[in-house]
Amino acid sequence: MSEKTYVEDIDRSLYDFRYEESDKDFYKVGEGLDAAIVDQISKEKNDPQWMHDLRMKSLDIYNKMGIPQWGPAIDGLNMDQIVTYIRPKTKMSAKWSEVPDDIKNTFEKLGIPEAERKSLAGVGAQYDSELVYHNVKKEVAEQGVIYTDLESAMHGPYEQMIKDHFMHLVPLTDHKFAALHGAVWSGGSFVYVPKGVKVDIPLQSYFRLNAPGAGQFEHTLIILDEGADLHFIEGCSAPKYNVANLHAGCVELYVGKNARLRYSTIENWSKNMYNLNTKRAIVEEGGRMEWVSGSFGSHVSYLYPTTILNGKGAQMEFTGITFAGHGQNLDTGMKVVHNAENTTSVVSTKSISKDGGVSTYRSSVQVQPKAKHAKSTVSCESLMLDDISRSDTIPAMDVRTKDADIGHEAKIGRINDEAVFYLMSRGLSEEDARALIVSGFADNVSKELPLEYAAEMNNLIRLEMKGAIG
């Protein structure tokens with residue numbers, strides 16, 4: 001009898017299926033980036049004047065800035081060959097039955113409607129550059145929670161709130177791809193949770209990039225008022241193509257006084273993707289920001305979620321895992337700025353590399369002079385599964401007060417052959433033994449993820465161990 005493997009149980013076709021996008025069913029701009037294309041996107045989206053002006057300012061900044069030098073080379077990314085806006089010729093719907101069949105089948109295969117029915121307060125589903133489905137449960141809306149697409153919110157009573165927050169945490173001048181995002185952003189979600197409101201079940205957005213040679217530039221803006229509480233989940237995937245795709249989204253999170261936000265994400269892009277994403281949160285007095293992050297896909301990643309602890313007693317907890325396989329160079333980590341007294345940050349990250357994959361952990365802890373009695377603990381562990389892979393740790397600490405307690409711990413190692421031998425003696429194949437050890441190594445992360453995302457993460461690890469992801 002042949003060995004029953006995890007590949008037979010979980011097929012990569014769950015992510016690698018694709019649909020042809022005809023001109024009849026999809027609208028798109030030309031390749032490359034210039035003022036005419038940005039103006040075309042702005043008109044297509046019916047931007048208010050202030051947003052049109054922001055896009056044009058962003059384009060000017062983008063053209064003047066150089067490519068970031070801190071991470072892996074991105075020479076294979078040619079913006080002249082990237083389509084920055086492509087959308088289905090359908091309007092966003094709150095009824096699943098009204099979504100076009102090909103798109104509906106995509107999200108059915110990914111399990112989005114089922115997850116909504118079982119355990120979510122609201123769902124947004126984006127296909128290429130636009131949301132095609134958005135719905136929020138009645139009982140959540142009745143609490144005053146706003147969860148909608150950003151474009152709709154810009155043309156309603158929350159326009160000024162969006163204008164006051166959009167690209168303020170992540171300024172246009174932050175880096176070249178932040179400026180690019182400001183010029184061509186499309187899709188994403190807007191969430192506002194009123195004062196004292198606790199959303200007991202999560203909200204979720206899912207982003208699917210289906211088109212080859214395209215970019216996805218969604219913007220997520222979440223604002224929690226004083227004492228609010230929310231768990232927000234984001235997932236993303238794409239089929240594999242032989243041409244470069246680009247993801248340069250932006251996430252801006254505002255956590256009010258004594259509020260709590262948990263932001264969980266699994267990034268499972270295909271290995272032709274350049275993932276140059278920017279995520280940032282600011283936390284006011286007594287607030288708490290929790291990040292749970294899994295990075296599995298993409299050819300190259302730059303991903304460093306940043307937290308600014310801006311108010312007295314603000315807290316941050318970051319739990320993350322990165323898995324770099326063949327052909328992947330994943331540069332990930334986190335940044336935290338202690339900007340007030342008695343602020344606390346706790347960071348635990350793990351990275352795994354195999355088949356020549358490169359995993360780099362890059363972190364920055366800044367403690368400002370006024371951040372008396374700040375505490376920060378950073379722990380990063382790396383596991384290399386062979387002798388051709390690489391793992392690097394690049395921590396930076398800038399502490400400007402003596403009244404602070406800051407610590408950093410790093411471990412790099414390989415799978416213990418004795419542990420593999422023991423598991424094989426209990427009946428496991430060598431590959432399954434190694435997969436089990438890796439899953440155990442990642443256990444603290446999977447415990448923090450929602451159930452279906454923890455299962456997805458473990459399945460992805462097993463698929464990687466079998467060499468099944470292309």
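K372 pairs by the side chain to side chain contact (heavy atoms under 4.5 Å, CB included) definition with E341, T401, D403, not counting sequence neighbours. H165 is linked by a ring pair (Phe, Tyr, Trp, His ring centres under 6.0 Å) to Y254, counting only residues two or more places apart in sequence or in another chain. Applying the side chain to side chain contact (heavy atoms under 4.5 Å, CB included) rule to V358 yields the partners N329, T360, R390; only residues at least two apart in sequence or on another chain are considered. Looking at residues two or more places apart in sequence or on another chain, you find a side-chain hydrogen bond (donor to acceptor under 3.5 Å, both in side chains) between Q49 and D53. D60 is linked by a side chain to side chain contact (heavy atoms under 4.5 Å, CB included) to K64, counting only residues two or more places apart in sequence or in another chain. Under the side chain to side chain contact (heavy atoms under 4.5 Å, CB included) criterion, H299 pairs with Y274, not counting sequence neighbours. For Y304, the side-chain hydrogen bond (donor to acceptor under 3.5 Å, both in side chains) partners are W70, D331, not counting sequence neighbours. Residues that satisfy the side-chain hydrogen bond (donor to acceptor under 3.5 Å, both in side chains) test with N310, not counting sequence neighbours, are N339. With sequence neighbours excluded, the residues forming a ring pair (Phe, Tyr, Trp, His ring centres under 6.0 Å) with F166 are W185, H219, listed by chain and number.
Atoms OG1 and CD1, on T343 and I308 in that order, are 12.5 Å from each other to the nearest 0.5 Å. Note that CD1 of I74 is 9.5 Å distant from NZ of K176, once rounded to the nearest 0.5 Å. Summarising the geometry, atom CG belonging to L54 is positioned 10.0 Å from atom NZ belonging to K163; distances are rounded to the nearest 0.5 Å. For the atom pair CG of D405 and NZ of K375, the computed distance is 6.5 Å after rounding to the nearest 0.5 Å. Taking CG of D225 as the reference point, atom CG of N258 lies at 11.5 Å (rounded to 0.5 Å). To the nearest 0.5 Å, atom CE of residue M161 and atom CD1 of residue I146 are 9.0 Å apart.
When only modelled atom types and interatomic distance are considered, D47 and S42 share a side-chain donor-acceptor pair under 3.5 Å. There is no side-chain donor-acceptor pair under 3.5 Å between S359 and S391. In the model, S264 has no side-chain atom that pairs as donor or acceptor with a side-chain atom of W291 under 3.5 Å.
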Taking only distance into account, with no hydrogens and no angle test, what donor-acceptor pairs under 3.5 Å do side-chain atoms of residues 278-286 form with protein atoms, sequence neighbours excluded?
from, atom 1, to, atom 2, distance (Å)
T278, OG1, H175, NE2, 2.9
K279, NZ, E267, OE2, 3.0
R280, NH1, L169, O, 3.1
R280, NH1, D174, OD1, 3.3
R280, NH2, D174, OD2, 2.9

> Can you list the steps and then say if E290 with L261 is a side-chain contact (heavy atoms from CB on, under 4.5 Å)?
Replying inline: CA-CA 6 Å; E290 300 173 1; L261 174 60; over 6 Å; no
> What do the steps show when you test L221 against L150 for side-chain contact (heavy atoms from CB on, under 4.5 Å), and what is the final call?
Replying inline: CA-CA 8 Å; L221 177 60; L150 203 50; 4.3 Å; yes
>> Pair S345, H338 - check side-chain contact (heavy atoms from CB on, under 4.5 Å), show working.
In response: CA-CA 8 Å; S345 60; H338 290 258; 2.9 Å; yes
>> Determine whether S293 and T265 satisfy the following criterion, side chain to side chain donor-acceptor pair (under 3.5 Å), listing intermediate values before the conclusion.
In response: CA-CA 5 Å; S293 177; T265 182; over 6 Å; no
> Is there a side-chain contact (heavy atoms from CB on, under 4.5 Å) between L230 and V191 once you walk through the steps?
Replying inline: CA-CA 10 Å; L230 174 70; V191 181; 3.8 Å; yes
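Not one N or O on the side chain of D39 forms a donor-acceptor pair closer than 3.5 Å with the backbone of A35. Judged by distance alone, with hydrogens and angles left aside, the side-chain atoms of Y85 form no donor-acceptor pair with the main-chain N or O of G215 at under 3.5 Å. Side-chain N or O atoms of Q69 include one that pairs as donor or acceptor with a backbone N or O of I67 at under 3.5 Å. For the pair H181 (side chain) and A248 (backbone), a donor-acceptor distance under 3.5 Å is present. No side-chain donor-acceptor contact under 3.5 Å links E159 to the backbone of G156. Between the side chain of E151 and the backbone N or O of G187 there is at least one donor-acceptor pair closer than 3.5 Å. N277 places a side-chain N or O within donor-acceptor distance of the main-chain N or O of G249, the cut-off being under 3.5 Å.
Taking every heavy atom of both residues into account, G71 and R362 meet most closely at CA-NH2, 4.1 Å. Looking at every heavy atom in both residues, I388 comes nearest to D355 through CD1-C, 3.8 Å. Taking each heavy atom of N46 and H155 in turn, the nearest pair found is O-NE2, 2.7 Å. The minimum heavy-atom distance linking P202 with I233 is given by the pair CB-CD1, 3.6 Å. Of all the heavy atoms in V170 and A178, the pair that sits closest is CG1-CB, 4.1 Å. Scanning all heavy atoms of the two residues, the minimum distance from A404 to V399 falls at CB-CG1, 4.3 Å.
Contact of the S351 side chain with the E381 side chain is not registered, since no non-hydrogen atoms from C-beta on lie closer than 4.5 Å. The shortest side-chain heavy-atom distance between L330 and V300 does not fall under the 4.5 Å cut-off. Using a 4.5 Å cut-off on side-chain heavy atoms (C-beta onward), M384 and K354 make no contact. No side-chain heavy atom of V336 sits under 4.5 Å from any side-chain heavy atom of Q366. At a threshold of 4.5 Å between non-hydrogen side-chain atoms, the residues M334 and V378 count as touching. Contact annotation: the side chain of S186 never approaches that of F217 to less than 4.5 Å [non-hydrogen atoms, C-beta and beyond]. Annotation: side chain of F318 is not in contact with side chain of M289 (no heavy-atom distance under 4.5 Å). At a threshold of 4.5 Å between non-hydrogen side-chain atoms, the residues H231 and Y263 do not count as touching.
The salt bridge (Lys or Arg N to Asp or Glu O under 4.0 Å) contacts involving residues 300-324 comprise R288-E317, where partners must be two or more places apart or lie in separate chains. For residues 67-81, the set of pairs meeting the salt bridge (Lys or Arg N to Asp or Glu O under 4.0 Å) definition, not counting sequence neighbours, is empty.
Using a 4.0 Å cut-off between charged side-chain N and carboxylate O, R260 and D229 make a salt bridge.
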